[in-house]
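Here the structure comes first, spelled out in structure tokens, and everything after it is commentary.
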Amino acid sequence: MDQPAGAGRELPKTFDSKAAEERWFQLWIDRGYFKADPNREGPVFSVVIPPPNVTGQLHLGHALNVSLQDIIVRTRRMQGFNTLWLPGTDHAGIATQNAVEKMLAKDGKDRHQMGREPFVDRVWQWREEYGGRILHQLRRLGASCDWSRERFTLDPGLSRAVTKVFVDLYNKKLIYRAKRLINWCPRCETALSDLEVDHKDQKGSLWYIRYPFADGSGSITVATTRPETMLGDTAVAVNPDDARYKSMVGKTLKLPLTNREIKIVADAAVDSSFGTGAVKITPGHDFNDFELGRRHGLEQISILDNQARMNANSGMYQGLTREQARKKIVADLESQELLEKIEPHAHAVGVCSRCDTIVEPMLSEQWFMAMKEMAKRAADAVREGKTTFHPKFWENTYFNWMDNIHDWCVSRQLWWGHRIPAYRCARCDELVVAIERPSQCAKCGGSDIIQDDDVLDTWFSSGLWPFSTMGWPDNTAELQKYYPTSLLLTGFDIIFFWVARMMMFGLEFTGKVPFKDVYITPLVRDQYGKKMTKSKGNVVDPLDLMEQYGADAVRFTLAQLAAQGRDVILSHDRFAASRAFANKIWNAARFVMMNLEGASQPLALPSRGELTLADRWILNRLACTIADVAAEIDQYHFNTAAMAVYHFAWHEFCDWYVELSKEPLRSSNSSAARTRWVLVECLDKLLRLLHPFMPFLTEEIWQFLRPYLSEEGLSGHLAVASFPTDLEYGLSPEDNLAMIHCVETTETINSLRSLLGLGPGQRTTAVLKPKVAGANLLETVSNTEFAEWRSYSTTRATLDNFELLEPTAVMPPRLLPWVLKWGELGVKAPDSFDFSKAISAIEKRMNETAAILTAHRKRESDPGFQQKADEETKQATRDKMVQLEADISRMNAQLLVLKRAT
RNA sequence: GGGCGGUUAGCUCAGUGGUAGAGCAUCGGCCUUACAAGCCGGGGGUCGCAGGUUCGAAACCUGCACCGCCCACCA
């Protein structure tokens, strides 16, 4: 049995967030609260974390992603779900290899001189040192993952899944080897998928080059943005309908700077209006030209090597870089008077998304995965509602990509990653794709079997993440219990890279969608709305934020900002506001704890009949808030859920109930006891509601409150306490109306006080005798309740000359004669009071109210409205009119009295 | 070239048919024994523009403007 940490102690003056973060997280882990048990019964909620790169450092995107996941995971755990949140990291092929290469470069080493094995060993070593960093940073945010299940995409188990998938797909003929034009990064020296190429606009030039006819009868001019590729040209194409060139189709050209002859071909793909209408065709280095070349049976010539230097096919230019070759070729053309002109021209160039180097379309033999069929099934699964995106409009993006998908180049010429399970006999070149390395060649019996050098695209293994992490291909208990997962929460930037691939792999290999819901988080931007990037130097470090504001405030802020379908724009003000909120909760808890001195543990439950108006009202508001928050979280509306808790905690519980509780806490034992119970009830439920958002603060406070609770009071922690359910306190709507009346009345008094410039002063007794008030002022409120309410307003107001002002402010019109009579008894305002400000303010507001009333009357008398509006709307309009009329009457009364007083 | 999202208070954003809301900022007044990271009060918006639908539009439709993003092989 745990001894509650806070039993019988007062809360410290301030909340020490750092101490609480360390203390509670460690305790939660030690107790195994986050461990998932596949053998437990009950409803299941499972999530796999989007595995951050092992190279990663926590950034705000992670912080947002993890905070939101933790909010829903903690909620579900408290709601009694069998919850799994599985953490892990991605080996991130290119990114990691680059990071380690960069590090080695500082010591003047490079991987080529090291050799493959030592280099890969070095990366593993690096991973041992730094790979856990990002996950530790996630822990600091409070991520309640089952940390005992941490996975890494290069783990033996996950690698086994990768191999099996590759082999199976090969056997299904969905993975194949082909020589095609692919994107090649000359710096990383690997093939890239289409998705790994970014397009950047670049100011370039359009060079107009004359290609002379072989027969010497003149020339045709082509326009190009890449003159150096002319060495690989195998044709010039024109549009078949282009009158300028119709007669030239089929003629032979002499390719300048070379000895080759090429033909003029006609193809409808050529746009006559661009450039000269004649385009040089380089099937070996341009995707368009590649396709066109295929149609016309053109030769494909590679003129570049793997580092994008000119190769042997480029004759005298061999050995030059792309850039040098361009310069020299342009100069040479010019000297031969073959350069007609140069025009400035903006166009997009493809760059490697990892290193920003301009990629080169290269002819290369690679492994490809056929996507069409798998993509169709994956798209249909979403169309059929098996998986739903939140917000829904992301489905369009998903469909758009799936419906226009190209085969996926999955091989990479890297060293860090899953090596492709393809083996070749050194003797007869026979290719085998298999789980295990064959001991000898099945064809020729040769024993020299060489594994393919290439590794797989990182996203290949990530795509298996939801089930490979659960032990697939074995049919484990985890897989049976937790797959498919309930939710995937991730950023839109990896919908194609990752979400789509998981959908395809999941359906292909498990027959099920890998997740029921996909929540797409907004993109975190800086205060100027710019994307945060290291190069801009505008990165806000979440670790700094946690240091400054506490992890709870960071989490709460991110939840509040996570409006659906929008970018998140950060500002320090928001974090400060959340910290203020945490402070507010802390102090409200201090107030409650201070007033629990000497109270029984647990508190005795008061009877229904004892509850006052204020008690019933706040309990009712609590019940509504609980229902709201649960519903909003169910819909992944994290921001509205956060706001609902915030509003209840601050503006209902603290602003009103805590204030109203002060009087009864001071009075008789029974009313103090009753009030204590309500305070504790509200605080307890509030902490539970807030715990998923602010786990550390709430756990800290709850440990103090625990002894006074009747349930779960003597053991356990908030992290595994029950989430509040829709509470029924047996309340009536009249209670709410009466309370609203009290609130509005008090606000009116305060407003008048402020307008009149009333400062603090001695406390005054209320003018209205409780008897009078109870009978006439607020019919639904009992005498004692009114006394409490009244004492609240006077306590806070501490008015001078309250005698005159209070009744004018609160008095309903039917009591006006009595007030006036009472006024005639000799109470009057001091001469120094300036009533004109109050009068004009009330008049102004009255006019506005009257205008609204007029509008409502007009609507009400509108035949169209009567005919077409539904009954509910009509009733609402009538109610509103009654309320507006009452407001106007009240203001009239106030005015009358104020004017009389002057 | 296609597609998606946005345009509401000084700022950041909620608000999917009944004459505008929050937080922050701002202004005025308060150290009132939970909280000055606080309390009370105030000011501030013809909801991007123009049409249309409707008894009624910030919201629905059409067009336009501007901002942002994604996809795409115009050399």
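Please read all numbers here as calculations on a predicted model, not as lab measurements. What's counted below: heavy atoms across the whole structure, side chains too, no hydrogens, waters or symmetry copies. Throughout, a chain's letter reflects where its sequence line sits, starting with A, and its residues are numbered from 1.
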Task: Euclidean distance for C1', B/C49 against B/U8 (whole angstrom) - done: 15 Å

Open item on the list: Check the phosphate of B/C39 against A/Lys584, side-chain N and O only, distance under 4.0 Å to OP1 or OP2. Yes or no?
Closed with: yes

List every contact pair, protein side and nucleotides 21-27 of chain B side both N or O, where the distance is under 3.5 Å.
unit_1, atom_1, unit_2, atom_2, d
B/G23, OP1, A/His651, NE2, 3.3
B/C24, O2', A/Asp573, OD2, 2.9

Open item on the list: Applying side chain to side chain contact (heavy atoms under 4.5 Å, CB included), can you list everything that pairs with A/Asp198, at least two apart in sequence or on another chain?
Closed with: A/Val351, A/Ser353

TODO: Consider the side chain of A/His347, meaning its heavy atoms from C-beta on, and name the nucleotide among B/G5, B/A75, B/A37 that approaches it most closely.
DONE: B/A75

Task: Nearest-neighbour nucleotide for the A/Thr873 side chain, B/G18, B/A34, B/G38 considered - done: B/G18

Task: Candidate nucleotides B/C35, B/G18, B/A75, ranked by approach to the side chain of A/Glu659 - the nearest - done: B/C35

TODO: Between B/G28 and B/C64, how far apart are the C1' atoms? Round to whole Å, please.
DONE: 45 Å

TODO: Examine the side chains of A/Asp271 and A/Asn239 and answer whether a donor and an acceptor come within less than 3.5 Å of each other.
DONE: no

Task: Which residues share a salt bridge (charged side-chain N to carboxylate O under 4.0 Å, His left out) with A/Arg294, sequence neighbours left out - done: none

TODO: Before accepting this row, confirm whether a basic side-chain N of the pair A/Glu871/A/Arg878 lies closer than 4.0 Å to the acidic partner's carboxylate O.
DONE: yes

TODO: Tell me which of A/Leu206 and A/Arg579 sits closer to the 5' end of RNA chain B, going by the nucleotide each one is nearest to.
DONE: A/Arg579

- [ ] Considering only atom C1', compute the distance from B/A22 to B/G44 and round it to an integer number of Å.
- [x] 15 Å

Task: Closest nucleotide among B/U19, B/C40, B/G18 to the A/His856 side chain - done: B/U19

Task: Residues forming a salt bridge (charged side-chain N to carboxylate O under 4.0 Å, His left out) with A/Lys341, sequence neighbours excluded - done: A/Glu343

Open item on the list: Once pairs are restricted to Watson-Crick or G-U wobble with both distances under 3.5 Å, how does RNA chain B read as a dot-bracket string, [ ] for crossings and | for other-strand pairs?
Closed with: ((((((((.[[[[.)..(..]]]].(((((.......))))).....[[[[[..)....]]]]])))))))....

Open item on the list: Taking the C1' atom in each of B/A14 and B/A59, what is the distance between them to the nearest angstrom?
Closed with: 13 Å

Open item on the list: Is there a side-chain contact between A/Arg859 and the phosphate of B/U19, meaning an N or O under 4.0 Å from OP1 or OP2?
Closed with: yes

Open item on the list: Between B/G2 and B/A72, how many Å separate the two C1' atoms, rounded to a whole number?
Closed with: 8 Å

Task: Nucleotide nearest A/Ala869 (side chain, heavy atoms from C-beta), chosen from B/G18, B/U19, B/C35 - done: B/G18

- [ ] For A/Glu547, check salt bridge (charged side-chain N to carboxylate O under 4.0 Å, His left out) against everything at least two apart and list the hits.
- [x] A/Lys18, A/Arg140

TODO: For A/Arg859, check salt bridge (charged side-chain N to carboxylate O under 4.0 Å, His left out) against everything at least two apart and list the hits.
DONE: none

Task: Nucleotide of B/U19, B/A34, B/A75 approaching A/Asp271 most closely (side-chain heavy atoms) - done: B/A75

Open item on the list: Ring-plane angle category for A/Phe15 and A/Trp586, please: parallel below 30°, perpendicular beyond 60°, tilted otherwise.
Closed with: tilted

Open item on the list: What's the closest nucleotide to the side chain of A/Asp655 if the choices are B/A75, B/C39, B/G5?
Closed with: B/C39

- [ ] Quote, to the nearest angstrom, the P distance that separates B/U62 from B/C67.
- [x] 23 Å

Open item on the list: For the P atoms, the ones on B/U33 and on B/G42, what distance do you get once it is rounded to whole angstrom?
Closed with: 24 Å

Task: Between A/Phe274 and A/His345, ring centroids under 6.0 Å - done: yes

TODO: Select base, sugar-phosphate, or nothing to describe what A/Phe496 touches, counting heavy atoms under 4.0 Å on all strands.
DONE: sugar-phosphate

Open item on the list: By nearest heavy atom, map A/Asp289 and A/Trp401 onto RNA chain B; which one lands nearer the 5' end?
Closed with: A/Trp401

Open item on the list: In whole Å, measure the gap between the P atoms of B/U26 and B/G10 for me.
Closed with: 15 Å

- [ ] Output every pair passing salt bridge (charged side-chain N to carboxylate O under 4.0 Å, His left out) with a member in residues 577-588 of chain A, not counting sequence neighbours, ordered by first then second residue.
- [x] none

- [ ] Just jot down the side-chain hydrogen bond (donor to acceptor under 3.5 Å, both in side chains) partners of A/Lys662, sequence neighbours excluded, or say none.
- [x] A/Glu659

TODO: Report yes if at least one side-chain N or O of A/Lys662 is closer than 4.0 Å to OP1 or OP2 of B/U33; otherwise report no.
DONE: no

